[in-house]
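Below is one structure, written out as structure tokens, with a few remarks after it.
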Amino acid sequence: MKFNNSIFRFLLILLSSGCYDPQGENFIRVIPPVADGQAINLAGYSDSLYIFHDTTLTYQVEDGNLQLIRIEGFLNGESLFNNDRPTEIRLDPARFSNGSHKLKVEATFRSGSGSLADILNQETVKIEEDFDVIIDLIPPQEITIARLDTREGSLLIDWSEPDKKNFLRYEVKRLKKNGQNEWYNTLMDTPLYLGPDVTSFKDSTYVGGEIAYQIDIIGYNFNIPGNIADTSIQAIEIQFIQTNEDELTVGWSESKLHANIKHIMLGNAGGPYTYYSPEATSFTMNVGFGDDYPLGFTVVPKFGYEYAMVYQQVYLGEKVVYEGLGTTVEGIARTFKNKKIIPVRGYKSFLVYEVNDITRKIEAVHNFESYILQEPYDIIQSNLEYHFSETSDHFRLFIGRKVFNFNADFTLTSTLTLAANSEFSFAFGITISENNLASFYQWPGTSVLVNLATGKELFREATGSNILTLSNNGAYFVCGDKLYDVISPDTVQLLNTLPYPNVYQLKFNVHNSNELFINYTTSNNGDLYEINAGLITGSFSQVTSPHDFGYDPSTGFYGCVSNEYFYLFDFSSNSIIRRVRIAVPHRDIWLKDNFLYSSHGYILPL
Amino acid sequence: MRILFVSKLFFFMCSVLQAQEVNIFAEVNYGTFQMTSLKKFLTPPESYYLPLKVVDQFPGFVGLKAYGVIKFSDRFATGIFVGFTSTGGKSTYSDYSGYIDHKIKCSGFSIGSHNEFTLQYFDKWSLEGTFLMGATINQADFAYEYETSYFQSYISEKYRSVNMLFNPGLAITRQLGNVKFRGLISYELNFAGDLKAAESGEYLLNIREPVRVQWDGLRIGIAVGVGLNE
């Protein structure tokens, strides 16, 4: 083996020495390249480039007779070249400061000379162009909504262009209030972006209710929240007029949001619903006097799923509402000395509003809660009674066994404690005469007539009837079918027995103490009993079981309630003058000066 | 055992050489070479991206040879020879930006038997017919060189092959004392083998077709020799 290696080395030495070396040249004359006719044009460039976001510059290169193979930008000497995208010039403004800069664009062309280096793509020609660049990442001022109202049946939001347009888009935030009364963005899951040239937005999903909008400016590296603007538009403005004795026509003119509304539903939850158009619409409904009828309309949108509700109370007559001192009260003001007052009794509460009947303003509110809370038992706290009259100086509050006596300024002047008939005594069905006698039923089971001025009881019957009353002048007291003559402030004596037993309701004519209205549990008639004559002088039998009689001295007609109607009638002719449907359940209704009044604050001219 | 065999062969050869006339020659010759296969390989295709041109195409070149023969009779002598020859080719392109050189250098080392038949004696002159038979070990260096002002590349790879050679010829010899001067002419025939990579590993050149070294051609040379045991 060593022998073979030695031979091989000898041969190598021999082979490598004195070898022929091939020679010869083949020089070709080629003209070197010269740049001529090449240029770089940036799209949109006039005096300068305005850069406010990550921008890929669009360029056009005039090759001349050369071929572009690379283009590279330099801003302030810093290369913008991206190896992955060699033909793009991408400028990220966040890498540089705000203000003016010089952009140098360098285009490299294949030389095209045909030389060896050219063929090997190693020979190139370069040209350069300089451009002015302005980088602006300073955010514009926030957007303030200039106009937020309805147009062409929809809701339009307009705003002015910001002081500069160096941002990418707007984000519209559509805000509603949550249970905590805080605004939340209903478009959070599907953000709504608008282009920077847009300055208005139509909300086709809005069909009414409280809403707000905020237009945010979204920039490359900033987000400027806009100012919130809110509005509340009711889809339909409901109007109603009385078109018949017990009929209202309810309707609306074309909705301001008609283009957004599919239909309007009326009905209780779960239906059935009646569907109405957002165009001008009307319908009729029968209602009774004395209370309101709440109507709840569901406004269904054409687009989206946000329903709106429109509530409206409709009623017969005029509704009387007083406002002031941060509150409102609905009711008929009653005269108490030189004041107009509205007592409002609630559960364990009692307020008296002093109001101005002309201006419909609340001038004072008197709270009697402290008197209520003196009583320890719920049954007493929740069964207070009060009494006052136009001519009396006294406002009396019956709570349990206590009778609190207030003067015209609602200052407590005296307190009377009634005799007890049980631990939980309280009075109801109270009638007080002008001479300060009071008749009432003391629960449980006692009929009482008492002189409030002295505290002396004129009458107490432990098993008495709870049907009892007192004439306005204090001359007569009736308990069940027994008529008593109050012969002095301290004494009563039986005067007569009413013609028929089983009385259901007794009521003196407050304008004439000689007249007692009676209705019965066993008869459908309502009778007029004249005390002086000791006879029934009138009987109204045109309706079933009339009750709550009243008398209007201005017309000489009587009034009563039967079933769901109030009747104005004439006792002497036993004839109906007028019939008015009333609300069910019945409210306190009274007749005065040819008007009908409801304790809930309604007035109806007869 | 091997040492014993070589020792016996040495003593046998010495006894033979002492008994016979021995001539040793050194020869310089000039040969032409066919090299058809390598010329074709060197020539760039017409579609080549540059006007590459063959500027040197395996020309004739000087070779060396040495041989020694034993004269067994007045007419016949035989011995062994070793020889060396080389040639090469080049295709090239150059301009102001750089150049491309493709070079092939070929060299061959031959060894075999040298046989002489004396055809005629003329006093101090003699005319011999020669017949050489042996093998040539070829080496071909392929060099590819690129250079521009931006780029340089040089690739060189070696390939080898072995040829069988037959070389008949005529020689005329003039003897002065025991020094002999000889002129000769012959024609060499080769049974060429394909070039193979000389070393293992990855080769960059793409030699797709079999390429052969073909030394075939006319040889003219002169030699000087010396006679031993005369």
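Residue numbers begin at 1 in each chain, while the letters A, B, ... track the order of the sequences. Below, each value reflects all heavy atoms present in this structure, side chains not excepted, and no hydrogens, waters or symmetry copies.
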Exercise. Which atoms of P59(B) come close to chain A, meaning under 4.5 Å heavy atom to heavy atom: side chain ones, backbone ones, both, or neither?
Worked result: side chain

Exercise. Which region of I119(A), side chain (C-beta onward) or backbone (N, CA, C, O), has a non-hydrogen atom less than 4.5 Å from a non-hydrogen atom of chain B, or is it both or neither?
Worked result: side chain

Exercise. For F191(B), does the CZ atom have more than 12 heavy-atom neighbours from other residues, nucleotides or ligands under 6.0 Å away?
Worked result: no

Problem set entry | Most chain A-contacting option - heavy-atom pairs closer than 4.5 Å, from D141(B), V82(B), I104(B), L50(B) | L50(B)

Exercise. What is the ring orientation for F61(B) with Y20(A), classed by angle as parallel under 30°, tilted 30 to 60°, or perpendicular over 60°?
Worked result: perpendicular

Exercise. In terms of heavy-atom pairs under 4.5 Å, which option from G24(A), S113(A), G114(A) contacts chain B the most?
Worked result: G24(A)

Exercise. Between F58(B) and chain A, which part of the residue has a heavy atom less than 4.5 Å away: side chain, backbone, both or neither?
Worked result: neither

For this session: With side-chain contact (heavy atoms from CB on, under 4.5 Å) as the test, would you mind laying out the steps for N121(A) and I69(A) before giving the verdict?
Result: CA-CA 9 Å; N121(A) 288 331; I69(A) 56 175; 6.0 Å; no

Problem set entry | Region of T148(B) that comes under 4.5 Å of a non-hydrogen atom in chain A | side chain

Seminar exercise, completed: Pair count under 4.5 Å, heavy atoms only, with chain B: among D21(A), V30(A), N26(A), highest is N26(A)

For this session: Step through it carefully: locate the ring centre of F222(A), locate the ring centre of Y220(A), and say whether they are under 6.0 Å apart.
Result: no

Exercise. Parallel, tilted or perpendicular: which describes the rings of Y67(B) and H114(B), with under 30° parallel and over 60° perpendicular?
Worked result: parallel

Problem set entry | Region of L52(B) in contact with chain A, defined by heavy-atom distances below 4.5 Å | backbone

Exercise. Considering residues, nucleotides and ligands other than R95(A), do more than 12 of their heavy atoms fall under 6.0 Å from its CZ?
Worked result: yes

